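Fair warning: this is a prediction, and the values are worked out from it, not measured in the lab. Just the heavy atoms: all of them, side chains too, but no hydrogens, waters or symmetry mates, feed the values below. Reminder, nothing fancy here: chain letters follow the sequence lines and each chain counts from 1.
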Number of protein chains: 2
Amino acid sequence: MRSEDIAKLAGVSRSTVSRVINNYPNVPEATRAKVLRVIEQYQYEPNSFARALAGKRTDTIGLFAISMNEKENASRIYQNSYFAPIVDLVVDTANARGFYVLIHTVYSPEDFQKIKQAFLQKRIDGGILVGTQKDIELVRELVGQNAPLVLIDYDISEIMAERLNKSHLAVINSMDYEGTVEAIEYLIGLGHREIGIIKGRMNTFSGRERYTAFVNTLRKYGLPVREEFVLEGDFLKETAYREAQRLTAGGKLPTALFSSNDDMAIAAMEAFAEHGISVPEHLSLIGFDDVQLAAVISPKLTSVKLPIDDMAKAAVSKVIDLCSAEEPTFSTVSFPTRLVVRDSCRPPQA
Amino acid sequence: MRSEDIAKLAGVSRSTVSRVINNYPNVPEATRAKVLRVIEQYQYEPNSFARALAGKRTDTIGLFAISMNEKENASRIYQNSYFAPIVDLVVDTANARGFYVLIHTVYSPEDFQKIKQAFLQKRIDGGILVGTQKDIELVRELVGQNAPLVLIDYDISEIMAERLNKSHLAVINSMDYEGTVEAIEYLIGLGHREIGIIKGRMNTFSGRERYTAFVNTLRKYGLPVREEFVLEGDFLKETAYREAQRLTAGGKLPTALFSSNDDMAIAAMEAFAEHGISVPEHLSLIGFDDVQLAAVISPKLTSVKLPIDDMAKAAVSKVIDLCSAEEPTFSTVSFPTRLVVRDSCRPPQA
DNA sequence: CTGAAAGCGCTTACAG
DNA sequence: CTGAAAGCGCTTACAG
């Protein structure tokens, strides 16, 4: 069934059928009704490729989850408490607004090509990038294609520096700096003076922000940043587990530990438990993200809530807006975080 | 950059460019190299819509997660321990095989139209359906379009009855019946004679299978199926929590409870805990699916492992195969389950 | 208000 | 081995 068939059946031309489908104003109600009746009767749907080829939008957006180096281990997208909700919310929001979403995971630099291809092949109207390693080169390339692009968790200063801010581009962030400050101040308020950190990925905006905020806050209160209490991390459980082991082996423990995300906090907690160090009795622990599990494990984890709902929804709104925007625009939003106090922190033992 | 431009640059015709792109054999190595060089130089990618329109495949498959009535509550796709891994694995497997995946969630009967549209609009080469409510009418309609279709968790006898088995259709199941039998026999072996169940969704093949297997196994061993120990359920936490409350309120408890999935088992465990009933001391509890959380909570949940990896991968392989199949074919696979014994079961108290 | 025609960027018989 | 031409199913100026 093609538009031509509908046209014949309705006794009009293809042009008119097209006008009805696209809801153009210049067609009399009678004609419209007649055509619509035939369309419904035959359950006609215009071929999306022909439409797109003839200049219409594809009504699909791309969602690219970048997760370098994570292919091998078990911790993948769906188990990643950060990606999973984003995927879900993006799909839902887009669907509700009549868009399809093409989803693709990027595990290696070669996979990046897939993102470019999706744009180049005109498969999508615009795209959302989330995850690590959104190098400025990639962003520049993508922006070069003039395709609407939304970046989740990205340092805007890079974009300003590259003068990319007059493109079809938007950046969605969370206020990680402020959230971390709140967390550290909470620990300090509890009386802690020996505070450690498990770092996140440093090739991530939020990872850097959380670390910087940690350091600055300690300094602000005149507390030392002790090297042996700074654990390397990459937002993944495995590394955090190993680092926590290493920390316990060192003999000396901080009285409180800030973990750059919940997944790592939970992994560290396991490592500690195995060495008879219990939270919060021996060590206060605070996470970031406020994933589902945080409220389920025992002790319940105190954490900084990431406004992931808002971020995902905003991302979809932004791409869709950008798709129909005439002029290049750059915009950026940061959503606030919030400290959720549970049972994993306590004043230090005397 | 269009194929015509490439053709000019390379000094050949569009036909030849097309032949090179599609890797046809009848083009001399020299010509191929020449064209390829230009293509790379300009980073040319053929417009996917034009290709599709001209008869090529779209190289994208659809993944439709059907989850009726779940929109309102918080338990959505990404938190659903069943959907989430499927989505992840399907995307990964498809991507690795060079396919894009269009993802769509279906929350209401109206949303079903979206599935049909995706096919009708020729957006996808084939589709995978997973979740509840895959009514035979929908399946029939979809099959009517002659589009490759893979159903995860579906009663094949319905398909046979409808004579749909000479279509581009495949069904992927798990051996839920056998898995349930194993679980119940394990409980019986432990000495339990008063065994209850939390039912799954009855509009789901696996839900029915698990229930039937439960009933049949009790009967087989001459044990009663006591109505008050049969709790209604829908695979979701909320309902299970409420039903568990109801059970405890009734005063009489079974000595063991089989839950049709882990999510409900965990919810029930919470409800019990609040009433001072602890697992496994007062009540043995066994789940189904073996989700991640099962090994994390305390007590660790004994569960029947669902071969979700195998299922998701097989689903992708199947759609892709069906896409290039000439003749209509029907096939079906069932992957075995496995009982994973942990700490939530114990012989009944004397 | 509405139709004929050109065009979107490919692929694929058809000739040669 | 390779090009000219038709065709895929739409949309959109252009006339009228």
**Student:** Given Watson-Crick or G-U pairs with both distances under 3.5 Å, what dot-bracket string fits DNA chain C, with | for other-strand pairs and [ ] for crossing?
**Tutor:** |||.||||||||.|||
**Student:** How many Å lie between CG on B/D5 and C1' on C/dC10, as a whole number?
**Tutor:**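 Roughly 13 Å, once rounded to whole Å.
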**Student:** Side chains of A/R51 and A/N22: any donor to acceptor distance under 3.5 Å?
**Tutor:**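 There is such a pair (donor and acceptor under 3.5 Å, judged by atom type) between the side chains of A/N22 and A/R51.
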**Student:** Look at all strands and tell whether B/N26 reaches a base, only sugar-phosphate, or nothing, counting heavy atoms closer than 4.0 Å.
**Tutor:**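 The residue B/N26 makes base contact.
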**Student:** Rounded off to whole Å, could you give me the CZ-to-P distance for the A/R57 and D/dC10 pair?
**Tutor:** 19 Å
**Student:** Where the side chain of B/L53 is defined as all heavy atoms beyond and including C-beta, which of D/dC10, D/dC1, D/dC8 is the nearest nucleotide?
**Tutor:**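 Nucleotide nearest to B/L53's side chain: D/dC8.
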**Student:** Could you give the CZ-to-C1' distance, from A/R2 to D/dG9, as a whole number of Å?
**Tutor:**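 For the pair A/R2 CZ and D/dG9 C1', the rounded distance is 8 Å.
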**Student:** Write down the distance between CD (A/E4) and P (D/dC8), rounded to a whole number of angstrom.
**Tutor:** 9 Å
**Student:** Is it the case that the side chains of B/S317 and B/R97 hold a donor-acceptor pair, with the cut-off being a distance below 3.5 Å and no angle test?
**Tutor:** yes
**Student:** What residues form a ring pair (Phe, Tyr, Trp, His ring centres under 6.0 Å) with B/F99, not counting sequence neighbours?
**Tutor:**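 For B/F99 there are no ring pair (Phe, Tyr, Trp, His ring centres under 6.0 Å) partners, ignoring immediate neighbours.
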**Student:** Hey, could you give me each pair passing salt bridge (charged side-chain N to carboxylate O under 4.0 Å, His left out) that has a residue in residues 1-28 of chain A? Not counting sequence neighbours.
**Tutor:**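 Residue pairs with at least one partner in residues 1-28 of chain A: A/R2-A/D5.
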**Student:** Report yes or no: do B/T332 and B/N173 form a side-chain donor-acceptor pair below 3.5 Å?
**Tutor:** no
**Student:** Looking at C/dA4, I'd like to know if its phosphate oxygens (OP1 or OP2) sit under 4.0 Å from a side-chain N or O belonging to A/S13.
**Tutor:**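 Looking at the OP1 and OP2 atoms of C/dA4, neither is under 4.0 Å from any side-chain N or O of A/S13.
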**Student:** Is a donor from one side chain sitting under 3.5 angstrom from an acceptor on the other, for B/Y107 and A/N95?
**Tutor:** no
**Student:** Contact class for A/S48 vs. all strands (heavy atom < 4.0 Å): base, sugar-phosphate, or nothing?
**Tutor:** nothing
**Student:** When every nucleotide of nucleotides 11-16 of chain C is labelled 5' to 3' by its protein contacts under 4.0 Å (heavy atoms), B for base, S for sugar-phosphate only, - for none, what sequence of letters results?
**Tutor:** BBB---
**Student:** Take the protein atom CG of B/N47 and the nucleotide atom C1' of D/dG9, then report the distance between them rounded to whole Å.
**Tutor:**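 B/N47 atom CG is separated from D/dG9 atom C1' by 14 Å.
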**Student:** List the atom pairs, with distances to 0.1 Å, where a side-chain N or O of residues 35-43 of chain B and a protein N or O form a donor-acceptor pair under 3.5 Å, not counting sequence neighbours.
**Tutor:**
residue, atom, partner, partner atom, Å
B/Q43, OE1, A/K116, NZ, 2.5

**Student:** In whole angstrom, what separates B/R123's CZ from D/dG9's C1'?
**Tutor:** 14 Å
**Student:** Among side-chain atoms of B/R123 and A/T58, is any donor-acceptor pair under 3.5 angstrom?
**Tutor:**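 Checked: B/R123/A/T58 side chains show no N/O donor-acceptor pair below 3.5 Å.
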**Student:** When the distance from CD of B/E45 to C1' of C/dG9 is rounded to whole Å, what number comes out?
**Tutor:** 14 Å
**Student:** Using the ring pair (Phe, Tyr, Trp, His ring centres under 6.0 Å) criterion, which residues pair with B/H168? Sequence neighbours excluded.
**Tutor:**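 Checked B/H168 against ring pair (Phe, Tyr, Trp, His ring centres under 6.0 Å); zero matches.
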